[in-house]
> 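Have a look at this one before I ask anything.
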Protein chains: 2
Amino acid sequence: MVTIKDVAKKAGVSISTASLVINNKAGVSERLRAKVLAAIEELDYRPNGMARALKSKKSKVLGLIIPDIVNPFFPLVVRGVEAAALRYGYSLILGNTDGKLEEEARYLELFVEKCVDGIIFIPASNFKKNIRTFLRIESPKVVIDRALEGTGLPTVMTDNITGAYLATRHLLANGRRRILFISGPQDLQASQDRYKGYKKALGEFGLDEELVLNGDYTFDSGKRVMEQALKEKLCFDAVFGANDLMALGAMVVLSENKIKIPEDVEVVGYDNILFSSLSKPTLTTVEQPAYQMGYEATRLILRQIYSKKELSECKLLEPKLIVRESSPQQY
Amino acid sequence: MVTIKDVAKKAGVSISTASLVINNKAGVSERLRAKVLAAIEELDYRPNGMARALKSKKSKVLGLIIPDIVNPFFPLVVRGVEAAALRYGYSLILGNTDGKLEEEARYLELFVEKCVDGIIFIPASNFKKNIRTFLRIESPKVVIDRALEGTGLPTVMTDNITGAYLATRHLLANGRRRILFISGPQDLQASQDRYKGYKKALGEFGLDEELVLNGDYTFDSGKRVMEQALKEKLCFDAVFGANDLMALGAMVVLSENKIKIPEDVEVVGYDNILFSSLSKPTLTTVEQPAYQMGYEATRLILRQIYSKKELSECKLLEPKLIVRESSPQQY
DNA sequence: CTGAAAGCGCTAACAC
DNA sequence: GTGTTAGCGCTTTCAG
């Protein structure tokens, strides 16, 4: 391994002069600078990030925890985070938890050991213990997508109540009255908010009978829930899935059972993943700007790192209804 | 920040005793061990990974470069890599390049600075400069999915020739004779192999006229290529996309133009991403065990780390044809 | 401008 | 068994 010492020796200067050149700082004569640069080139020197981090107490690494990398919504978020991070010279340790709380806890610990300069957290649930662990960590923090009530943590999210309201109102305006809501994990604020939006729209149409089944945001849970609904002979003329994956899962089961979409049952999802525009019929959905959410979250982290202040900003992005074949507009 | 020094002081022992306890090593009396453990608990001490890495020259971090996190094939690979990594106490720095060579180069450099203990690389192309940079890096290396001819690098991949051969033969056995092949980036070994498999099958059926258009593995390129094919009034009765995303893109355009699948044109993809089983019609495809590939690659890396030897093993996994509605079996 | 030297938190000889 | 100490590679005072 080539160290700064080797560079200094080769260039015939002291270590500190070499350091100044390496870090592009002023106070070195052109002559020596050139010599050092030449030595670096010749030896193919790369500064040792570990040593730098140890000394400067800045690792230039960010930690990102996501619940499910297989859900196409999250890769987009990751891409946004990464783009912003790389741009500002940070790299990313990825922690995919597959929704498991132990893994989540483990990554949180790991991030502390790895001395990440900031953590972007998309919790898999509202599990108090992990949230508490997270709060205790001193590095800058941002939460994406899931409001952690009352923590004052900087957050980037869309207005889930409005999004779900838009979706439900659309179905109601289409004349549907028995709307089955497939919820996400119940303890997530985002899930609760989408439920609230659903209820709010029902309320406006004078409906108070709700129709709710619980999923967990996976494709399989969407299928499972729909199979259950059919077996129980639930009566419904529309389905609103709390995310596209579940809505897509429900659609598959519906089709298998020769139930026509949208004639017999209209379907709406949430997220606008690529495949919601590819299914047959294409899926009406509520768009969330995933890439942008990741990007903004990272900027929020970076701002905290640079300002050395904890922010408690909440960046609320607007969801947008995208009407497609699974529930064509009738009004 | 709590350091080992604080722990030692609190426990009333020396630093080295504390270190022994922290690292779970023998040679400490039960009495002192308990004291140290108590101190750790009380102070909520976490070892500083930077310092450890600097001293031990092991960062316990792996670097992973993927070309496109939005292609659902890669999240599965990532998940496999991550599962294996976490299991053995490693974390993962993710580098998504969006197919850009500069980003690829940047991540390679970054990994060296970050002192990753190993690199798993899925190159976006056969770009020599980056490959050379990669080869120069001293850490253990593994390549996934893309054979780098003649480098002797340990590799995990499926047999792309066979996979493509299987797909093409299936279409031929179904009676199709004018099969349009939508290739991946031409300079990728994997792409070339899939092309070879396509040619091989054609050859066996005494066909030598090929029908090839170039895509870049993205959904949009699949659409673009198919639009072009239709505009040029190309005559074909089947499409074989070098990955599912492009095949799906082609299907969308086909449908838009009222061309019936599979009646008018049969379609086959490659990868078996989740959504190939959700499209209408569902997409025949060649399965690649993405998760397993990631997992195996990580194990290969880990073995190199532990054995301190460079391996040059090539783990070849078998692809499998999955026949679905877009080209139902007729033979 | 340039160089000597202290020390970041930790591990691992090496003494006792 | 336990403690002392020398670095790992780097940045950063502080003298000169």
Side-chain angles (χ1 to χ4, degrees), chain A residues 1-37 39-40 43-61 89 109-117 138-139, chain B residues 1-37 39-40 43-61 89 109-117 138-139:
Chain A
M1 156 170 254
V2 182
T3 76
I4 196 171
K5 222 164 147 182
D6 303 317
V7 172
K9 191 192 282 178
K10 179 122 207 159
V13 300
S14 77
I15 291 177
S16 47
T17 302
S19 175
L20 287 177
V21 176
I22 288 160
N23 294 291
N24 232 321
K25 291 197 177 156
V28 184
S29 63
E30 267 321 306
R31 200 178 54 88
L32 289 196
R33 175 178 301 275
K35 270 178 146 181
V36 174
L37 255 16
I40 290 175
L43 298 170
D44 198 25
Y45 166 76
R46 308 243 170 275
N48 180 320
M50 300 292 113
R52 266 192 173 166
L54 180 56
K55 182 71 198 172
S56 64
K57 311 224 173 264
K58 285 176 187 350
S59 62
K60 289 285 195 175
V61 172
E109 302 250 316
L110 211 66
F111 286 172
V112 176
E113 292 201 6
K114 291 282 181 274
C115 306
V116 298
D117 290 344
E138 291 168 43
S139 330
Chain B
M1 157 170 254
V2 183
T3 76
I4 195 173
K5 224 165 147 181
D6 302 319
V7 172
K9 191 190 282 175
K10 180 124 206 158
V13 301
S14 77
I15 292 177
S16 50
T17 303
S19 175
L20 287 177
V21 175
I22 288 160
N23 294 290
N24 232 320
K25 293 198 176 155
V28 184
S29 63
E30 269 319 306
R31 199 178 54 87
L32 288 196
R33 177 180 299 277
K35 271 178 146 180
V36 174
L37 256 15
I40 289 173
L43 297 170
D44 197 26
Y45 166 78
R46 306 245 170 276
N48 180 322
M50 300 292 112
R52 267 192 172 165
L54 180 58
K55 179 75 198 170
S56 63
K57 311 224 172 264
K58 285 177 188 347
S59 62
K60 290 286 196 172
V61 172
E109 302 251 317
L110 211 66
F111 286 171
V112 176
E113 293 201 5
K114 292 282 181 274
C115 307
V116 296
D117 290 343
E138 292 168 44
S139 331

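Below, chain A is the first sequence line, B the second, and so on; all start at residue 1. Here the structure is a predicted model, which is why all the values come from computation and not from measurement.
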> Using only heavy-atom distances, decide whether a donor-acceptor pair under 3.5 angstrom links the side-chain of B:S16 to the base of C:dA12.
no
> How many angstroms lie between atom NZ of A:K25 and atom CZ of A:R33, to the nearest 0.5 angstrom?
12.0 Å
> Apply side chain to side chain contact (heavy atoms under 4.5 Å, CB included) to the pair A:K114 and A:V61, showing each step before the final yes or no.
CA-CA 8 Å; A:K114 291 282 181 274; A:V61 172; over 6 Å; no
> Can a donor-acceptor pair be found, under 3.5 Å and without considering hydrogens, that links the side chain of B:N48 to the backbone of B:M50?
yes
> Residues from residues 49-58 of chain B sitting under 4.0 Å of DNA chain D, heavy atoms only?
B:L54, B:K55, B:K57
> Return the OG1 to CD1 distance between B:T17 and B:I22, rounded to the nearest 0.5 Å.
10.5 Å
> Calculate the interatomic distance between A:K5 atom NZ and C:dG3 atom C1'; express it in whole Å.
15 Å
> Counting C-beta onward and ignoring hydrogens, is there a side-chain heavy-atom pair between B:K57 and B:D117 closer than 4.5 Å?
no
> Please state how far atom NZ in B:K60 lies from atom P in C:dC10, giving the value in whole angstrom units.
17 Å
> Looking at residues at least two apart in the chain, or sitting in another chain, which of them share a salt bridge (charged side-chain N to carboxylate O under 4.0 Å, His left out) with A:E113?
none
> Whole angstrom is fine here: how far is it from NZ in A:K25 over to P in C:dT2?
16 Å
> What's the spacing between A:I15 CD1 and A:D6 CG if we round to 0.5 Å?
9.5 Å
> For the residue pair B:A8 and B:A18, what are the closest heavy atoms and their distance?
CB-CB, 4.2 Å
> Is any side-chain heavy atom of B:V7 closer than 4.5 Å to a side-chain heavy atom of B:L43?
yes
> In whole Å, what is the span from the CG atom of B:L43 to the P atom of C:dG9?
14 Å
> By salt bridge (charged side-chain N to carboxylate O under 4.0 Å, His left out), which residues pair with A:K60, not counting sequence neighbours?
none
> Whole angstroms only, please: what is the NZ-C1' distance between A:K114 and C:dG9?
14 Å
> Using salt bridge (charged side-chain N to carboxylate O under 4.0 Å, His left out) as the criterion, list what pairs up with A:R52, not counting sequence neighbours.
none
> Rounded to the Å, how far apart are A:K9 NZ and C:dG3 P?
15 Å
> How do A:M1 and A:L20 order along DNA chain D: which one's closest nucleotide is nearer the 5' end?
A:M1
> Going 5' to 3' along DNA chain D, which nucleotides are the first and last within contact of chain B (any atom under 4.0 Å from a heavy atom)?
D:dG1 to D:dG9
> Looking at every strand, decide which applies to B:I22 at a 4.0 Å heavy-atom threshold: base, sugar-phosphate, or nothing.
nothing
> Quick check for you: among C:dT2, C:dG3, C:dC10, whose closest atom lies nearest to any side-chain atom of A:V13?
C:dG3
> Can you tell me which stems involve DNA chain D, if a stem is defined as three or more consecutive Watson-Crick or G-U wobble pairs, both distances under 3.5 Å?
C:1-16 with D:1-16
